[in-house]
Amino acid sequence: MAPTHEMSNGVPPPRKKRIGVMTSGGDSQGMNGVVRSVVRMSIHMGCEPYAIYEGYDGLVQGGDLIKQMKWDDVRGFLSRGGTLIGTKRCMEFYERPGRLVAAKNMILKGIDALIICGGDGSLTGADKFRSEWPSLLQELVEKGDLTQEAVEPYKHLNICGLVGSIDNDMSGTDATIGCFSSLERICEMVDAVFDTAASHKRGFVIEVMGRHCGWLALMASIATGADYVFIPEKPPAPGWEDEMCQIVTSHREWGKRRTIIIISEGAQDTELEKITADQVVKVLTDRLKLDTRKTVLGHIQRGGLPSYYDRWLSTLQGVEAVNAILDSTPDKPTPVITIRENKIERSNLEECVKLTKSVATAIKEKNFEKAMHLRDVEFKEYFNSYKLTTSTEDPRMKLPKDKQMRIAIIHVGAPAGGMNPATRAAVAYCLSRGHTPIAIHNGFPGLQRHHADKPLGSVRNVSWLDVDPWVNEGGSELGTNRGLPADDIATTAHCFELYKFDALFLIGGFEAFTAASQIRKHRDSYPALRIPLMVLPATVSNNVPGTEYSLGSDTCLNTLIGFCDAIRQSASASRRRVFVIETQGGKSGYLATMAGLAIGALAVYIPEEGINVHMLARDIEFLRENFKNDRGASRAGKIILRNEQASETYTTQVVADMIKEEARGRFESKAAVPGHYQQGGKPSPMDRIRALRMSIKCMQFLEDNFAGKSKDEIMATEDSAVVIGIQGSQVLFTPIGGESGLEAKETDWKARRPLNEFWRPLKSTVDILSGRPKDTDCCTECGKVLSGDIPQPLPDVLAATKSSFGHPLTAVYSKD
Ligand code: ADP
């Protein structure tokens, strides 16, 4: 056992760095993931983690509310909602005397770094605490509470913030931990209300959380296709009743059977007059004679299990927070961990807090343009895109005739969540600008079967009424197919000519990419193919070159972790069990690895690494050790994820059987294959909202670069065949052809995946957090590779472990 350093005065410097972790402010889904990853990563890095229970109150009260955490203390945390270490309002911390006691308690416990997960209030408190720290120490010494010697090692307070909030109200980050789970809850509810509303031709006004921030309301409106939204940052002018009624009436005239209005709890008009849900109900009832009901979602929005994204985000941000703490020096500004698109970054805590506060100030000053701008660029984009799908036709939006294009839309490959909302958004954009959206049904085989002599109705102009209900539909309403244009390129070209396509929008996975590549390569022989080609990646496997995210992958991962949670729980009533679960993904280990990260899998087998007998032996030893140390504390099953193509020999069943055999009755092992269930039902809110944003970006790109252009001009640029993708912190269009294009530089054609898979480094994080020994861990003393019976965490437990090496292990190094 580590010696305790707790003393009432004159505390010696701690042996190891002690990192405190706390959740504060309103709870949000994913906070437990933060605690788990901070605890385990701290131990992995040779530090001692401490949980501070009940937020700042724990820091002020001290004593038992500050507790050292061991590796196993956070077992099962990832899949739990709320916060298991508690949160509480703490009035004392607002005042200096409270913060003084907090500082003393920290030093008494030997804690020299603090990771705080909370909203802007909590992070403001953290920032204040940090800036006051030197003077707090001075005061403690002056008052005689602590000696100069005792405070000496704590001169620099290391703080790192993580944004945990369901509102997504922090500037400087695209998403806060919890906001997507909350959005998911809201969308589930709104989807449900839709059905009953449509049945009775009713109107519903749904109030969602967000006092100063309309993110939840706006995203829920996008994801569910609500008719009108009220958010604090973009308030309507007084007299909004007319505009709202006009929009609702026109939607009813189009044939909509129900009306849904979503309103933030902080809604107001431009004169800062509050707009309430009751007011909106009254307007719809009195003016439009709609049978209208109000639904206030309330605390349901905070509840439930964390979604895949929040588990992923909280885990990786927790890891990054520990790294930031270890990297910190007195001259570096205090960091807050943020995310931009797909990239986890460190930002300046003070600046982000300031920026967040300036949004509230801008709203108070009625400077709404500034408020929208400060919120972030993406937010404004989303708002404009949403408007496009709800407003009545505006002739001012239309392009001149010579710039209007005939844009064909096709789904290629397996269905993926988000294909339908993406199509709906593209159609909305086309119609608003005067382009003609043309649907191709059943992929390229559909097109090839359909030509002038034999029109089968596979090529059709689409209207808004056709696609509007697709906002939350899973699968592919157009019909999708794996067939490729090169299967019959002549007929494909013939159809392009026949229907006078000016551009082709392909939504799909690796097949869509391949199809665009084939068409591009045949352009020399077939002039009809000399049109711009745009690929929007949509595949559960997320294996399209040029992007780190594909539509449908979030839906799939949500479904997969739901499956894993359920199956893991099923073991709790029976014996100790290991489940070997087979994931989809083709030759890409993305799904298995990310799901592994989000559920805390014990091991993940992927095609990129293969499976060998040494690996299996080590993991079986690790399992034995794990169950032995468990002492019945956790009866939930353990999970190994195996990608469907990880190995030809070691199939899912074989792996499960080997484990069972080797367990010698000490535990049970079962194989499970979720198969097509992984494609999910309705697309996740993230897939729906990203479908809208990315699809509209695609249409704008086509329009900006190719509207009114000749075939020669189109052929002159590599941008005439591109993939839209999220790459790190940006959304980019990458050419498919050309010397540095995706075909030549970034595609592993044989394995049907990108050459450099961005997520590969994350594989080791999954192993670190599950405590799985590395294949390459060696004893520093004798260099022997460690066998699987050495329990992690390294190097903490190793110090005490008598090994078969003939000497106690003290440390390990890694061969790679
Ligand atoms: P959130 O973090 O979700 O915005 P709160 O605003 O309630 O939630 O803040 C949580 C806790 O953080 C408060 O109870 C208080 O202890 C501390 N806190 C908030 N704002 C400040 C501040 N300006 N100064 C000091 N402490 C603060």
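When a residue number appears, it is its place in the shown sequence, counting from 1. Order of listing sets the numbers, starting from 1, for every ligand and every atom in it.
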Cut-off 3.5 Å, side chains only: do Asn342 and Glu548 have a donor facing an acceptor? yes
Check for me whether Ser165 has a heavy atom closer than 4.0 Å to any atom of ligand 1. no
Taking the six-membered ring for Trp, is the centroid-to-centroid distance between Trp215 and Phe180 below 6.0 Å? yes
Side chains of Lys17 and Ile325, heavy atoms from C-beta outward: is any pair under 4.5 Å? yes
Verify the neighbour count for atom CZ of Arg80: are there more than 12 heavy atoms of other residues, nucleotides or ligands below 6.0 Å? no
If you count the atoms of ligand 1 from 1 in the order shown, which ones are under 4.0 Å from a heavy atom of Lys128? 22 (C), 23 (N), 24 (N)
Taking only heavy atoms of Thr124, which atoms of ligand 1 are found under 4.0 Å from at least one of them? 23 (N)
Protein heavy-atom partner closest to atom 2 (O) of ligand 1 - residue, atom, separation in Å: Ser122 OG, 2.4 Å
With nothing but distance in play, are any N or O atoms of Gly118 less than 3.5 Å from an N or O of ligand 1? no
Does any N or O atom in Cys90 lie less than 3.5 angstrom from one in ligand 1, N or O only? yes
Which residue owns the protein heavy atom closest to atom 11 (C) of ligand 1, what's the atom, and how far is it? Ser24 OG, 3.8 Å
Give yes or no for whether the N/O distance cutoff of 3.5 Å, strictly under, is met between Lys88 and ligand 1. no
Do the side chains of Leu78 and Ile599 get nearer than 4.5 Å, heavy atoms only? no
Proximal ligand 1 atoms for Gly119, defined as those under 4.0 Å from one of its heavy atoms: 1 (P), 2 (O), 3 (O), 4 (O)
So is there a nitrogen or oxygen of Gly121 less than 3.5 Å from a nitrogen or oxygen in ligand 1? yes
Which protein heavy atom lies closest to atom 13 (C) of ligand 1, and at what distance to 0.1 Å? Tyr94 OH, 3.7 Å
One pair to check against salt bridge (Lys or Arg N to Asp or Glu O under 4.0 Å): Arg690 and Glu378. What are the steps and the verdict? CA-CA 11 Å; Arg690 281 192 166 162; Glu378 206 193 311; over 6 Å; no
Parallel, tilted or perpendicular: which describes the rings of Tyr308 and Trp312, with under 30° parallel and over 60° perpendicular? tilted
Is the shortest N/O to N/O distance between Gly25 and ligand 1 below 3.5 Å? no
Just say parallel, tilted or perpendicular for the rings of Phe93 and Tyr56, cut-offs at 30° and 60°. parallel
Quick check: do Ser264 and Leu216 have side-chain heavy atoms less than 4.5 Å from each other? no
Note the single closest protein heavy atom to atom 3 (O) of ligand 1, along with its residue, its atom name and the distance in Å. Gly26 N, 3.1 Å
